[in-house]
Structure formats: C-alpha cells, structure tokens
Undergrad: 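The structure under discussion is supplied below as structure tokens; questions concerning it will follow.
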Amino acid sequence: MSSDTRAEILALGARWARAEQDADTATLDEIAAADFALVGPFGFVLDKAQWLERYTTGGLTTSSLVWDEVEVRDFGQTAIAIGRQTQQATYRGQPADGQFRVSHVFVRDGDRWALAGLHLSLAAPPARPA
C-alpha cells in the first residue's frame with residue numbers, strides 16, 4: 001500500500017470523525033458517496049439521507065468520538081479501514097455511548113476518496129451466561 005493512500009484515508013477518516021462529533025452534515029454529505037450505506041451495531045441499515053437526518057433532526061447528539069487503532073488496506077480503487085470507534089452520544093435522549101469496531105469502505109471518486117459505507121459492531125463481547 002502506498003503511504004499516500006494511507007495518509008489520505010486517515011485524513012478523510014479524521015474529517016469524518018470530527019464531522020460526526022460536530023453534527024456537520026455539510027461535511028458528511030460532501031465526503032460520503034451518493035449511494036453511501038451504514039450498517040449499525042444492531043443490524044439496522046441507513047442510506048445517506050437517513051444517516052444525515054439523525055443530525056438534522058437532532059435525534060443523535062455526539063459529544064465525543066475517537067477513531068483509533070486504524071489499519072488501512074488499499075485495493076486500488078477501494079480502500080478498507082478497520083478501526084475502533086469510542087463515542088459518547090445520545091440517540092433520542094437515550095445514552096448511545098460505546099466502543100465499536102468499525103469498518104469504513106472508501107472508493108475512488110475521480111481524484112478523491114469518498115466514504116461508501118460504514119459497518120459498526122460492538123467491541124465488547126456479550127456477557128457470559130451465569
């Protein structure tokens with residue numbers, strides 16, 4: 001993998017994390033591909049409009065979002081970044097804090113990278129049965 005690709009993906013991912021934390025839908029809209037999709041930690045799927053709507057309606061408030069432990073894989077026109085997302089947030093007034101493993105799918109869109117998809121899963125395993 002080229003160090004340029006890794007640096008570009010990490011920079012774009014940092015913009016994404018900041019925009020999520022700031023509810024900056026203009027930046028999120030800009031960096032996401034038109035057919036963006038998110039798969040949430042409980043299996044729900046959001047298209048781009050639904051993803052952005054969480055912020056425009058005030059349903060989701062993120063006070064802190066850290067994206068770290070990121071590994072980037074370059075496949076030419078596609079790059080996959082797998083990392084950890086730690087957040088403090090509320091969704092419709094309920095706590096949505098947590099730590100997740102998150103996969104970002106980036107695709108080449110002309111001369112720039114665009115975020116095509118996100119997939120989150122809970123980082124902590126379920127509690128063991130008694």
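Numbers here simply count residues along the sequence, with the first being 1.
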Undergrad: How far apart are the closest heavy atoms of Ala116 and Ala33, and which atoms are they?
TA: CA-CB, 4.1 Å
Undergrad: How about Asp24 and Arg18: do any of their side-chain heavy atoms sit closer than 4.5 Å?
TA: no
Undergrad: Taking Gln21 for the side chain and Leu65 for the main chain, is one N or O donor matched with an acceptor at less than 3.5 Å?
TA: yes
Undergrad: So, does Gln94 use its side chain to make a donor-acceptor pair with the main chain of Tyr91 at under 3.5 Å?
TA: no
Undergrad: Do the non-hydrogen side-chain atoms of Arg84 and Phe100 ever get within less than 4.5 Å of each other?
TA: no
Undergrad: Looking at residues at least two apart in the chain, or sitting in another chain, which of them share a side chain to side chain donor-acceptor pair (under 3.5 Å) with Glu53?
TA: none
Undergrad: Taking NZ, NE, NH1 and NH2 as the nitrogens, is one of them in Glu8 or Arg112 under 4.0 Å from a carboxylate oxygen of the other?
TA: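 No, no charged N to carboxylate O under 4.0 Å.
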Undergrad: Starting from the C-alpha separation in whole Å, work towards a yes-or-no answer on side chain to side chain contact (heavy atoms under 4.5 Å, CB included) for Val70 and His104.
TA: CA-CA 10 Å; Val70 182; His104 290 73; over 6 Å; no
Undergrad: Contact between Arg15 and Glu30 at the side-chain level, heavy atoms closer than 4.5 Å - yes or no?
TA: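 In contact.
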Undergrad: With a 4.5 Å heavy-atom cut-off, do Thr78 and Phe106 have their side chains touching?
TA: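 Result no, sub-4.5 Å side-chain heavy-atom pair not found.
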Undergrad: Would you say the side-chain atoms of Asp97 pair up with the backbone N or O of Ala89, donor to acceptor, closer than 3.5 Å?
TA: yes
Undergrad: How close do Arg108 and Gly76 get, counting heavy atoms only, and between which atoms?
TA: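 In this case the closest contact between Arg108 and Gly76 is CG-O, 4.2 Å.
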Undergrad: For the residue pair Ala17 and Trp67, what are the closest heavy atoms and their distance?
TA: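 Here Ala17 and Trp67 meet closest at CB-CB, 4.3 Å.
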Undergrad: Quick one: does Arg6's side chain get under 4.5 Å of Asp74's, heavy atoms only?
TA: no
Undergrad: Would you mind telling me which of Leu38, Val39, Val45 makes a side-chain contact (heavy atoms from CB on, under 4.5 Å) with His119?
TA: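 The passing option is Val39.
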Undergrad: Assess the residue pair Phe42 and Leu122 against the criterion (side chain to side chain contact (heavy atoms under 4.5 Å, CB included)); give the C-alpha distance rounded to whole Å, side-chain angles, the decisive distance to 0.1 Å, and a yes or no.
TA: CA-CA 8 Å; Phe42 302 107; Leu122 295 172; 4.0 Å; yes
Undergrad: Between Leu52 and Phe36, does the side chain to side chain contact (heavy atoms under 4.5 Å, CB included) criterion hold? Intermediate values first, please.
TA: CA-CA 11 Å; Leu52 296 173; Phe36 168 88; over 6 Å; no
